[in-house]
A.B. asks: 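Below: one structure in structure tokens.
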2 protein chains.
Amino acid sequence: MAEDLFKALADPTRRRILDELVERDGQTLFEICGRLVTKYGLGLSRQAISQHLAVLEGAGLVVSRREGRYKFHELNTEPLERIVTRWLRPDAQGETGADSSDWRVR
Amino acid sequence: MAEDLFKALADPTRRRILDELVERDGQTLFEICGRLVTKYGLGLSRQAISQHLAVLEGAGLVVSRREGRYKFHELNTEPLERIVTRWLRPDAQGETGADSSDWRVR
DNA sequence: TTGATAGGCAAGTGGTGACTTGCCTATGGT
DNA sequence: ACCATAGGCAAGTCACCACTTGCCTATCAA
């Protein structure tokens, strides 16, 4: 749902992870950790990145595939298309761009 | 900058406000309050909506124009285009889609 | 089978953000 | 001049989220 998508995009570290996956798809957790450190000098723990990946996966932006002791993470840009059809081109996708399920009771 | 944009989109109430402005552009604060109440049964205070509008304006998603005692709010979808060029079509906009300024030191 | 690598689970902490409350300013009608 | 309307400012509360720490599981190589 939309809530998960935008929450996932709200964190700059998660956006960087998406950038990394655009540049090189199918990386493991440790690869991503290493890249964030060397490219941006990020001193985040492995668990921090792992939790970020879980959030991205929950939003459908990342799909993971396990092979032996490795877990490869792949980008999925399909959820991002919904942002476009909601506000940029609301006439596409059969009229409504607003997702009626995008709501939470407080 | 990107940080403000995604933070602005992270809240469901703010996304609803954008939906309202897509449907009818140039509304005042009280008009938006009324619409959110009648259409979604939202019991938010005027100040809450006012603060949301300030965040949206800080992100460049809303532009306001004052006329007498009225302040009209208009939608600006230009910042949303950058989301598309960053991950969906990174080859547009002269190569890089990643905004190097999208980073905060912790 | 031991050790190293790749990853997961769970509880705790600090900071940030959404919302409220109370009071203040400004414009316009009568 | 008065009052109602439209909006702003500032402080306080509360819940959530990012991150850490500590420990545990699984796969592979020697």
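Quick note on labels: first sequence line is chain A, next is B, and so on, each numbered from 1.
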A.B. asks: Counting heavy atoms from C-beta on, name the nucleotide in D:dA6, C:dC23, C:dG8 closest to the side chain of B:Phe30.
C.D. replies: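 So the nucleotide nearest the side chain must be D:dA6.
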A.B. asks: Within the pair B:Lys71 and D:dG8, is there a side-chain N or O less than 4.0 Å away from OP1 or OP2?
C.D. replies: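 Result: yes.
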A.B. asks: I need the CG-P distance between B:Leu56 and C:dG17, as an integer number of Å.
C.D. replies: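 The answer, rounded to whole Å, is 15 Å.
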A.B. asks: Mapping B:Phe72 and A:Arg46 onto DNA chain D by nearest heavy atom, which one lands closer to the 5' end?
C.D. replies: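 In this pair, the answer is B:Phe72.
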A.B. asks: Could you give the CD-to-C1' distance, from B:Glu57 to D:dG7, as a whole number of Å?
C.D. replies: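 One finds 13 Å between C1' of D:dG7 and CD of B:Glu57, rounded.
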A.B. asks: Can you check whether A:Leu80's main-chain N or O pairs, donor with acceptor, with A:Thr77's side chain at less than 3.5 Å?
C.D. replies: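 Not at all, since once roles are kept as given, no pair shorter than 3.5 Å links the two residues.
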A.B. asks: In whole Å, I'd like the distance from the CD1 atom of B:Ile49 to the P atom of D:dG7.
C.D. replies: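 Distance check: B:Ile49 CD1 to D:dG7 P gives 12 Å.
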A.B. asks: Report yes if a side-chain nitrogen or oxygen of A:Thr28 is closer than 4.0 Å to either non-bridging phosphate oxygen (OP1 or OP2) of C:dA6; otherwise report no.
C.D. replies: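 So the side chain of A:Thr28 is outside the cut-off, no N or O lying under 4.0 Å from OP1 or OP2 of C:dA6.
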A.B. asks: Side-chain N or O of B:Ser45 versus OP1/OP2 of C:dT20: is the shortest distance under 4.0 Å?
C.D. replies: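 True: B:Ser45 side-chain N/O within range (under 4.0 Å) of C:dT20 OP1/OP2.
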A.B. asks: I want to verify a distance call: between C:dC19, D:dA18, C:dG8, whose nearest atom is closest to the B:His52 side chain?
C.D. replies: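 Selected nucleotide: C:dC19.
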A.B. asks: Starting from P on C:dT16, measure out to CZ on B:Phe6 and report it in whole angstrom.
C.D. replies: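 Between P of C:dT16 and CZ of B:Phe6: 21 Å.
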A.B. asks: Checking A:Glu67 against A:Lys71 for the salt bridge (Lys or Arg N to Asp or Glu O under 4.0 Å) test, could you report, in this order, the C-alpha distance in whole Å, the side-chain angles of both residues, the deciding distance, and whether it holds?
C.D. replies: CA-CA 6 Å; A:Glu67 282 185 22; A:Lys71 190 181 180 187; over 6 Å; no
A.B. asks: A:Glu31 has an atom CD; how far is it from atom C1' of C:dG7, in whole Å?
C.D. replies: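 Whole-Å distance recorded here is 14 Å.
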A.B. asks: Whole angstroms only, please: what is the OH-C1' distance between B:Tyr70 and D:dG7?
C.D. replies: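 Checked: the OH to C1' distance equals 12 Å.
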A.B. asks: Among C:dT20, C:dA18, C:dG8, which nucleotide sits nearest the side chain of A:Leu29?
C.D. replies: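 Of C:dT20, C:dA18, C:dG8, C:dG8 is nearest to the side chain of A:Leu29.
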A.B. asks: Rounding to a whole Å, what distance do you find between A:Glu67:CD and C:dT5:C1'?
C.D. replies: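 My rounded result for the distance is 17 Å.
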A.B. asks: Side chain of A:Arg69 only, please: which of C:dG28, C:dG7, D:dC28 is the nearest?
C.D. replies: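 Closest of the options to the side chain of A:Arg69: D:dC28.
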A.B. asks: Just one of A:Arg16, A:Arg14, A:Gln47 clears the side-chain hydrogen bond (donor to acceptor under 3.5 Å, both in side chains) bar with A:His52, so which one?
C.D. replies: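 Filter result, single survivor: A:Arg14.
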A.B. asks: Please walk me through it: do A:Lys7 and A:Glu3 pass salt bridge (Lys or Arg N to Asp or Glu O under 4.0 Å)?
C.D. replies: CA-CA 6 Å; A:Lys7 280 260 197 296; A:Glu3 179 69 20; 2.8 Å; yes
A.B. asks: Under 4.0 Å between a side-chain nitrogen and a carboxylate oxygen: does that hold for A:Arg15 and A:Glu20?
C.D. replies: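 Looking at A:Glu20 together with A:Arg15, the answer is no, because their closest N to O distance does not fall below 4.0 Å.
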A.B. asks: To the side chain of A:Lys7, which of D:dG8, D:dC17, D:dC23 is closest?
C.D. replies: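 Nearest to the side chain of A:Lys7 among the choices is D:dC17.
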A.B. asks: Of the options C:dC19, D:dC17, C:dG7, whose atoms approach the side-chain atoms of B:Gln51 most closely?
C.D. replies: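 So the side chain of B:Gln51 is nearest to C:dC19.
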A.B. asks: Nearest to the side chain of B:Arg14, heavy atoms from C-beta on, is which of D:dA6, D:dG7, C:dA18?
C.D. replies: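 Taking heavy atoms from C-beta onward, the closest nucleotide is C:dA18.
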A.B. asks: Under 3.5 Å, side chain of B:Ser50 to main-chain N/O of B:Arg46, donor-acceptor pair present?
C.D. replies: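 No, the answer is negative, given that no donor and acceptor are paired below the 3.5 Å cut-off.
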A.B. asks: Between B:Arg66 and C:dA26, is there a contact of a side-chain N or O with OP1 or OP2 at under 4.0 Å?
C.D. replies: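 Answer no for this pair, as no side-chain N or O of B:Arg66 is under 4.0 Å from OP1 or OP2.
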A.B. asks: Do the side chain of B:Gln47 and the base of D:dG7 come within less than 3.5 angstrom through a donor-acceptor pair of N or O atoms?
C.D. replies: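 By the distance-only test, no, there is no pair.
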A.B. asks: Just how far, in rounded Å, is P of D:dC17 from CD of A:Glu3?
C.D. replies: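 Those two atoms, CD and P, are 8 Å apart.
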